[in-house]
Each structure stands twice: as C-alpha cells, then as structure tokens.
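Here is the structure we will look at.
For the single chain, residues carry numbers from 1 onward in sequence order. Order of appearance sets the numbers: ligands from 1, and atoms from 1 within every ligand.
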Amino acid sequence: MEIYKNIQEMKSYLKEMRKEGKKIGFVPTMGYLHEGHLSLIRRAAVENDLVVVSIFVNPRQFGPGEDFERYPRNIEQDIRLSQEAGANVLFVPGINEMYPEGFNTYVEVKQLTETLCGKSRPGHFLGVTTVVNKLFHIVNPDRAYFGQKDAQQVIVIQRMVKDLNIDVEVVVCPIVREADGLAMSSRNVYLNSEERGQAIVLFHALNMAKERIEQGERDAMRLKKQIEMMIQQQPLANIDYVSIVDGENLEEVKEINHKVLIALAVKFGTTRLIDNMIVEV
Ligand code: AMP
C-alpha cells in the first residue's frame, strides 16, 4: 500500500493512476478505524479500481473545549486495517500540510448547517466542508464514500457537491452497529462500562420511534417527547437534541407524513454520541 503525507506527491501519483484509466474511490476519515469505516473502504474497493483513504484529524472541525487533543489515534492499526479492507493508498497529511501559515479560505454551506449538530457545534460544518473540499481537490475522486451515521454531514456534503459543481459521485453507506445496536464510532472508546451499557438506549429509542410511526403515530412533538423520556430514564444520559426533521432539507416537521430523519445527540459523561434513523411513511 502506498502512503503519502505530501499533497503534491499525492496529486502526481493519482494523476498517473488517472492517466492509466483507473477509477478512484475515496474514503475520508479521521482514523482510529472501525467496522463502520471499513464498510466504506470495502464498498469503495468493489466499485473502483483504486481506493484512497485519508486519515486526518481535522482541527478546524473541533470547537474550543471539544476533544481534538484526546481524539483517539492509532496509525499502525489503521494502516493494517485499511489495507486488509482493500485500500490501495493512504493519505495522511500533517496539520501544516493542510493548513500552512496564511491559510484563509473557507467553504460554507448555509442553512443546512444551522440546525442539529450545527447548532450545538458552531463552526463544525465549516471545518468539515472546507477540509472535504480540499481533499476533493487533492484526490479528485470519481466516487466518495460517506456513512449515514453522520446524516447531517451527508446532506451538507451533497449540497456542497451540487452547488459547487464538483465532479464526484457521493455514495452513502448504511450505519454499522455493534452487536447490541450501538452505532460504531471512534469515540465509543471514551465510554466507561456503565456509560457504554446505558448508551444502547439510543438505538432502542430510535427503534421505538420507528415502531410508533409504523403503528400510525404522526405527531412529531408527541413522538419526540416519548424518545426523550426513554433516553432520560438512563441516569447518565444528557440530551443535546432529539429532532424529527425532513429527510431532505432538515427542517423540523410537525406532522410525520413523508420521509423523516430522527436524529439524536446525547452525552454520556463527557462523551457526545450521535445516532439517527430514516423512516419513510
Ligand atoms: P470519521 O472518522 O468519524 O470522520 O468518519 C469517517 C467516515 O466514516 C464518515 O463518512 C462517517 O460517517 C463514516 N462512519 C463512521 N462511523 C460509521 C458507522 N458506524 N457506520 C457507517 N459509517 C460510519
């Protein structure tokens, strides 16, 4: 497997590959890879000739007081796992390579970034869209793979790709969960055993909500209250938000009468977890 830290070298290598007619699949990550990431890499390997995985803990998508410094890292393990999953190239730039002195350009998607996680993490999506834009320019992929785990991120990236006429197909992959249903996340390692035990309520609450909708519940406010009550029964859970929004424009819905996204962000101790489910009516 090829490993690049330098942007110019990464670009020239991929230019050669493209000349050979190779289709490039790209999986951007922050590393500390788990089965969720690996599912994206495996799919990219099936659908493309060359798979590029980036590992970059992007400081600009973390707010002050968030977990940038303690975000888990294990590059040796990431190299092994990504190679086994079918990656051909790892791009692992340093912070100064991505943001050299004088860096001053941002890409901002409006509106869609002002709700849900954008509300509780101001500046987060500005960091995400800026870095993904840079990565798209560096890798110039035919397809880019993102997880439904970060539902709002997917919608924001799709908007950016459309608005800026970026020539890439965005492929969205399903949420990969632990055996008991907890959505896989690099941040799950922060949870102590008590928090880990209680965190399963997120999946249970989403399932309960889906069942209620299937049984005919259409009142979003009432369902939201039920979800909140269920989560609050876990003493270590601290709700950031529970939202039922339109699956396309992320606007809060009153009546559940089309495709909705039920999205949650809940803190267990100091660890903020997100999860979501799409329900079609
Ligand atoms: P991250 O390293 O957290 O930035 O995630 C990199 C990519 O992996 C993003 O597109 C995530 O949505 C995706 N991802 C993370 N966790 C999961 C999961 N449990 N299932 C599916 N995709 C995931």
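- Annotation for ligand 1: atoms under 4.0 Å from non-hydrogen atoms of H34 are 15 (C), 16 (N), 17 (C).
- Nearest non-hydrogen protein atom to atom 21 (C) of ligand 1 is P174 O, 3.3 Å.
- With respect to atom 4 (O) of ligand 1, the closest heavy atom belonging to the protein is M30 CG, 3.6 Å.
- Pairs passing the ring-ring contact (aromatic ring centres under 6.0 Å, His included) check and including a residue from residues 6-30, sequence neighbours excluded, read Y4-Y13.
- Protein heavy atom at the shortest distance from atom 23 (C) of ligand 1 is K149 CB, 3.9 Å.
- V51 belongs to a hydrophobic cluster whose remaining members, ordered by chain and number, are M1, I3, V27, L33, L38, L40, I41, V53, I55, I75, I79, L81, L90, V92, Y145, V171; membership requires side-chain heavy atoms of ILVMFWY residues under 4.5 Å apart, directly or through intermediates.
- The protein non-hydrogen atom at the shortest distance from atom 20 (N) of ligand 1 is V176 N, 2.8 Å.
- In this structure, atom 7 (C) of ligand 1 lies nearest to the protein heavy atom P28 O, 3.7 Å.
- Heavy atoms of R187 come nearer than 4.0 angstrom to ligand 1 in no pair at all.
- Distance check, rounded to the nearest 0.5 Å: CD of Q234 to CD of E194 gives 10.5 Å.
- Considering backbone and side-chain atoms together, M184 places an N or O closer than 3.5 Å to an N or O of ligand 1.
- In this structure, atom 22 (N) of ligand 1 lies nearest to the protein heavy atom G147 CA, 3.5 Å.
- How far CE of M208 is from CD1 of I227: 5.5 Å, rounded to the nearest 0.5 Å.
- For I175, no nitrogen or oxygen atom sits less than 3.5 Å from a nitrogen or oxygen atom of ligand 1, counting backbone and side chain alike.
- Rounding to the nearest 0.5 Å places CG of L112 at 7.0 Å from CZ of R159.
- Considering backbone and side-chain N/O of A183, none are found under 3.5 Å from N/O of ligand 1.
- With hydrogens and angles left out, the side-chain atoms of Y99 and N58 include a donor and acceptor closer than 3.5 Å.
- Counting only N and O atoms by type, the side chains of Q148 and N276 include a donor and acceptor under 3.5 Å apart.
- For atom 1 (P) of ligand 1, the nearest protein heavy atom (residue, atom name, distance) is H37 NE2, 3.6 Å.
- Across Y32, Y71, F146, heavy-atom proximity to atom 3 (O) of ligand 1 is greatest for Y71.
- Between Y190 and P72, some side-chain heavy-atom pair lies under the 4.5 Å cut-off.
- For the pair D150 and ligand 1, the shortest N or O to N or O distance falls below 3.5 Å.
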